[in-house]
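These notes concern the structure reproduced below.
One-based numbering, in listed order, for ligands and for the atoms of each.
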Amino acid sequence: MKFTDSQRFYSVNNFLKEQFGKKMIKLSIEAGFTCPNRDGKLGYGGCKFCSSGGSGELASDIPSQINLLSDKWPNAGHLAYFQSHTNTYAPIDVLRSKYYAALSHPCIEGIVIATRPDCLDDQILDLLAEMNKDYFMWIELGLQTIHENTLTKMNIGYHLADYDKAIFELSRRNIRTVTHLILGLPEETERDMFDSLHYVTNSGIFGIKLHLMNIVSTSPLYKEMPNYVSFDSLDSYVDLVVAMLEEIPPDITIHRLTGDVPRNILISPEWSYKKRTILNAINKELRTRNTYQGAKLDI
Ligand code: SF4
C-alpha cells in the first residue's frame with residue numbers, strides 16, 4: 001500500500017474500492033442470534049463492557065437501510081454485516097438459511113460475519129469455507145485483549161487459545177479474518193495494549209478493529225465501575241492510536257479506530273461519540289508527525 005499525504009493508513013474503504021471498483025457499504029443486520037455468554041451456556045451477564053444490544057446497537061434490516069442510503073450513495077454496493085451478538089451461534093441449518101437469505105438479496109455482494117473465537121466448530125467452519133468459495137467474505141473475531149487476567153475479569157469466557165485455534169482454522173480455509181481489540185480496558189497498561197496489538201498483527205489477519213473502551217449505561221461494567229474513564233482526553237487516545245498505526249503492517253486493513261455506541265447510552269469518555277472528530281484528529285496527527293501505518297516497521 002502506497003500512502004499519500006491525505007491517506008496514511010490502509011482503510012477498509014480503500015481496500016473495498018480497489019476490490020469492487022466502487023464505494024461499498026456494510027449493512028448491519030439483526031439476525032436474531034444470541035450469545036453463549038448471555039443465554040447461560042457460558043454465563044448470563046455477558047462480557048462486562050457489552051451493552052444489552054450485544055455490541056450491535058445500530059442494526060436494522062437490509063431493505064430499510066438500502067432505502068435510507070440510496071439517496072446519498074446511489075451507486076454504492078452493499079455487504080451484509082451480521083454484527084449483533086454472536087453470529088455463528090445457532091444450529092447449522094439456521095445459520096445456513098440466514099446467511100444465504102442475505103446473500104440472495106439482489107443488492108448484496110458479499111457477507112461479513114462477526115463472532116466469538118470459541119463459536120466456530122468444524123461444521124460452521126466448513127459452511128464458511130463453502131460460502132467463501134462463491135462470495136466475497138470476511139469473518140470478524142472478537143478478541144479484545146490477549147491477556148488472560150483481563151479476559152477473566154471482563155467475564156469474556158474465551159481464551160487466547162480459542163483465538164489461536166480460530167485463526168488457524170480460518171486461515172487454512174483461506175478465509176479473511178478481522179480481529180477486534182479494545183483499547184483502555186480496566187487495569188491494562190499501554191504495554192499490555194501494544195502486546196495485544198503485536199500478537200494479533202502477527203497472526204495472519206486481513207484487518208483489525210481498534211475499539212475505544214466506552215462505558216455504556218446498559219453494561220455490567222457501568223454498575224461495577226461507574227466512574228471508570230478509559231482515556232482522560234481525546235489527545236491521549238489519538239497519541240496511542242497513531243503510535244499503534246505506526247506498528248501495524250501496511251497490508252493489514254484498518255476497519256475501525258474509535259468506538260461506536262449510541263449517544264443516549266454513552267457514559268464515558270464523554271467525547272467518544274464524536275467519531276468524525278476523533279478520526280480527523282488521528283489523520284491530522286499522522287500528517288503533523290509525517291508518519292503513516294507501518295512507519296516504525298521500516299526502521
Ligand atoms: S460482547 Fe459479544 S461475546 Fe460478549 S456478551 Fe456481548 S455479544 Fe456476547
Side-chain angles (χ1 to χ4, degrees), residues 26 28-60 80-91 94-95 98-99 112-121 124 128 138-167 170 177-186 188 193 196 200 207-225 228 230 255-256 258-262 265-268 272:
K26 280 190 297 172
S28 295
I29 54 177
E30 169 56 67
F33 298 128
T34 179
C35 166
N37 214 8
R38 288 192 170 279
D39 74 353
K41 186 175 177 196
L42 289 173
Y44 290 100
C47 305
K48 286 194 181 169
F49 45 76
C50 183
S51 68
S52 47
S55 299
E57 302 282 356
L58 307 176
S60 69
Y81 185 19
F82 286 76
Q83 181 181 22
S84 303
H85 299 286
T86 301
N87 293 282
T88 57
Y89 186 57
V94 174
L95 295 177
K98 298 222 175 195
Y99 299 155
V112 176
I113 299 168
T115 190
R116 296 166 52 99
D118 59 351
C119 289
L120 288 166
D121 65 22
I124 295 166
L128 299 180
W138 75 72
I139 300 301
E140 300 201 355
L141 288 180
L143 175 62
Q144 324 311 359
T145 175
I146 62 166
H147 302 287
E148 290 290 340
N149 53 346
T150 313
L151 289 167
T152 303
K153 277 185 195 144
M154 289 296 105
N155 195 39
I156 289 175
Y158 52 73
H159 303 278
L160 185 57
D162 295 310
Y163 174 77
D164 291 341
K165 181 164 184 286
I167 283 280
L170 290 163
T177 311
V178 173
T179 300
H180 295 214
L181 292 179
I182 295 179
L183 305 181
L185 283 160
E188 288 216 338
M193 294 180 234
S196 292
V200 303
I208 190 165
K209 272 193 177 183
L210 300 179
H211 294 258
L212 165 61
M213 172 76 220
N214 293 116
I215 299 288
V216 294
S217 58
T218 50
S219 69
L221 198 54
Y222 176 54
K223 291 191 183 71
E224 196 175 305
M225 302 176 76
Y228 181 71
S230 55
H255 294 238
R256 177 172 291 174
T258 64
D260 195 10
V261 295
I265 58 169
L266 175 66
I267 302 293
S268 75
S272 63

Closest to atom 5 (S) of ligand 1 (judged by heavy-atom distance), picking from Ser219, Cys47, Pro220, Ala114 =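 It is Cys47 whose heavy atom sits nearest to atom 5 (S) of ligand 1.
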Heavy-atom check, side chain of Leu95 versus side chain of Phe33, under 4.5 Å =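 With C-beta onward as the side chain, the pair touches.
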request  = For the residue pair Tyr158 and Leu141, establish whether any side-chain heavy-atom pair is separated by less than 4.5 Å.
outcome  =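 Contact flag for Tyr158/Leu141 side chains = no.
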Considering the heavy atoms of [X], write down every atom of ligand 1 situated less than 4.0 Å from one of them.
{"X": "Arg116", "value": "3 (S)"}
{"X": "His85", "value": "7 (S)"}
{"X": "Gly46", "value": "5 (S)"}

ask   = Does the pair Tyr99 and Phe82 meet the rule for a ring pair (Phe, Tyr, Trp, His ring centres under 6.0 Å), with working shown?
value = CA-CA 9 Å; Tyr99 299 155; Phe82 286 76; 5.4 Å; yes
For ligand 1, the portion of Cys35 having any non-hydrogen atom under 4.0 Å away =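 Contact part for Cys35 vs ligand 1: side chain (C-beta onward).
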query = Between Arg116 and Asp118, does at least one N-O distance fall below 4.0 Å, as a salt bridge requires?
reply =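 Yes, charged N to carboxylate O under 4.0 Å.
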Nearest-0.5 Å distance that lies between atom CE in Met213 and atom CG in Leu181 =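 So the CE of Met213 and the CG of Leu181 are separated by 13.5 Å.
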